[in-house]
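Working notes for the structure below.
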Amino acid sequence: MDVTLHLAQDPEADALLGRSPLAALVGMLLDQQVPMEWAFKGPRTITDRLGAEDLDAHEIAAMDPEAFAALLSEKPAVHRYPGSMAKRILQLCQYLVEHYDGDAEAVWRGVGSGAELLKRLEDLPGFGRQKAQIFLALLGKQLGITPQGWREAAGAYGEAKSFRSVADITGPESLAKVRAHKQEMKAAAKAAKAAGK
């Protein structure tokens, strides 16, 4: 895996995401309740604080939970909720060690179908259906991981030329389109809720 991603909008953080399958998974895991750029800068921040070149699932899985939470809580914090996210990252790394010998790329390497890949992603700790579909779309659209039926498995996020999620962000212009789409969705949900009252 060696591509250029533009999710953190920071060259060094994006370079790590593009070459490290585990960093990409951790960035996706962190992408909730904080701005997307903050979430996807997280893997680089963790790597720097560990004094490493890349994230290592074996190393993280073996860390003391309190020490890892403290690492994520240092200012600036890796996430709005560094303690709970530290726990989730530990669980993800422990799962990868147990099921994939710590090799994050093995989650999608040689997978036979989009449905199988979606199932593997949904099995990851912290990955619900929506997060799994978005990551599947990211793999297909930007990382060239395109097993049979991947677009269907990714649902609306797999649609070509859409601007729904991080899977569609390739630079500042597409980032603005994705943000606009999310604002429209929030406004529509708010209007629907108000109408239902």
Side-chain angles (χ1 to χ4, degrees), residues 1 3 5-10 13-50 52 54-63 65 67-74 76-100 102-109 111 117-143 145 153-155 157 164-169 178 182:
M1 196 168 115
V3 298
L5 294 176
H6 301 278
L7 305 178
Q9 303 290 302
D10 171 279
D14 282 329
L16 178 64
L17 294 169
R19 73 173 184 271
S20 169
L22 180 54
L25 279 175
V26 168
M28 190 74 225
L29 184 64
L30 291 169
D31 188 22
Q32 58 191 31
Q33 298 177 304
V34 294
M36 177 205 71
E37 297 92 332
W38 185 5
F40 283 98
K41 276 183 190 169
R44 177 62 196 226
T45 304
I46 296 167
T47 302
D48 289 346
R49 290 179 185 173
L50 289 171
D54 193 358
L55 297 177
D56 181 307
H58 290 280
E59 179 186 351
I60 294 171
M63 286 186 75
F68 191 60
L71 185 98
L72 268 67
S73 299
E74 285 176 28
V78 169
H79 193 274
R80 180 179 291 151
Y81 304 107
S84 63
M85 294 315 286
K87 191 182 295 183
R88 288 186 179 193
I89 293 169
L90 279 172
Q91 289 169 342
L92 173 64
C93 289
Q94 289 162 352
Y95 182 91
L96 291 172
V97 167
E98 186 180 332
H99 295 272
Y100 295 100
D103 180 4
E105 193 171 8
V107 174
W108 55 85
R109 188 187 304 116
V111 74
L117 179 50
L118 179 62
K119 169 84 173 80
R120 286 186 183 188
L121 291 168
E122 285 181 311
D123 286 345
L124 296 175
F127 278 68
R129 184 167 190 88
Q130 183 181 35
K131 193 175 284 284
Q133 286 185 312
I134 292 170
F135 195 78
L136 174 52
L138 177 67
L139 289 170
K141 291 179 175 184
Q142 297 200 43
L143 302 174
I145 311 300
Y157 300 107
R164 295 180 190 279
S165 72
V166 298
D168 305 305
I169 296 171
V178 168
K182 288 186 175 190

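As the structure is a prediction and not an experimental result, all values here were calculated from the model. Side chains are part of it too, since the values below use all heavy atoms of this structure and drop only hydrogens, waters and symmetry mates.
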Practice prompt. Classify the side-chain pair Tyr157/Gln130 by whether it contains a donor and acceptor separated by less than 3.5 Å.
Written response: yes

Are any of the side-chain heavy atoms of [X] and [Y] separated by less than 4.5 Å?
| X | Y | answer |
| --- | --- | --- |
| Ile134 | Asp31 | no |
| Leu72 | His79 | no |
| Glu59 | Leu50 | yes |
| Lys131 | Leu121 | no |
| Asp168 | Lys141 | yes |
| Pro76 | Thr45 | no |
| Phe40 | Val166 | yes |
| His99 | Asp123 | no |

First locate atom [atom1] of [X], then atom [atom2] of [Y], and finally report the distance between them rounded to the nearest 0.5 Å.
| X | Y | atom1 | atom2 | answer |
| --- | --- | --- | --- | --- |
| Asp103 | His58 | CG | NE2 | 8.5 Å |
| Cys93 | Leu22 | SG | CG | 5.0 Å |
| Leu55 | Thr47 | CG | OG1 | 3.5 Å |
| Met36 | Met28 | CE | CE | 10.5 Å |
| Phe127 | Leu25 | CZ | CG | 5.0 Å |
| Leu7 | Lys41 | CG | NZ | 12.0 Å |

Discussion item. If we ignore hydrogens and angles and just use 3.5 Å, is the side chain of Arg88 paired with the main-chain N or O of Gly126 as donor and acceptor?
Written reply: no

Worksheet item: Where the side chain of Arg80 meets the backbone of Gln33, is there a donor-acceptor pair that is under 3.5 Å apart?
Response: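 Judged by distance alone, yes, a pair lies under 3.5 Å.
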
Taking every non-hydrogen atom, the tightest pair across [X] and [Y]:
| X | Y | value |
| --- | --- | --- |
| Leu16 | Ala23 | CG-CB, 3.8 Å |
| Pro125 | Leu29 | O-CD1, 3.8 Å |
| Pro43 | Leu30 | CD-CD1, 4.2 Å |
| Ala57 | Leu96 | CB-CB, 4.4 Å |
| Asp54 | Ser20 | OD1-OG, 2.7 Å |
| Pro65 | Leu90 | CA-CD1, 3.6 Å |

Worksheet item: Passes side-chain contact (heavy atoms from CB on, under 4.5 Å), Gln133 versus Arg164? Steps please.
Response: CA-CA 11 Å; Gln133 286 185 312; Arg164 295 180 190 279; over 6 Å; no

Discussion item. Taking NZ in Lys87 as the centre, count heavy atoms belonging to other residues, nucleotides or ligands within less than 6.0 Å. Is the count above 12?
Written reply: no

Worksheet item: Does a sphere of radius 6.0 Å around CZ in Arg120 hold more than 12 heavy atoms from other residues, nucleotides or ligands, not counting ones at 6.0 Å or beyond?
Response: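 Yes.
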
Practice prompt. Please report the C-alpha distance between Ile89 and Ile46 in whole Å, then the side-chain angles of each, then the deciding distance to 0.1 Å, and finally whether the side-chain contact (heavy atoms from CB on, under 4.5 Å) criterion is met.
Written response: CA-CA 11 Å; Ile89 293 169; Ile46 296 167; 3.9 Å; yes

Fill in: Verdict with supporting geometry, Ile60 and Val26, side-chain contact (heavy atoms from CB on, under 4.5 Å)
CA-CA 12 Å; Ile60 294 171; Val26 168; 5.9 Å; no

Item to complete: Applying side-chain contact (heavy atoms from CB on, under 4.5 Å), run through Ile169 and Gln9 and close with a yes or a no.
Response: CA-CA 10 Å; Ile169 296 171; Gln9 303 290 302; 4.2 Å; yes

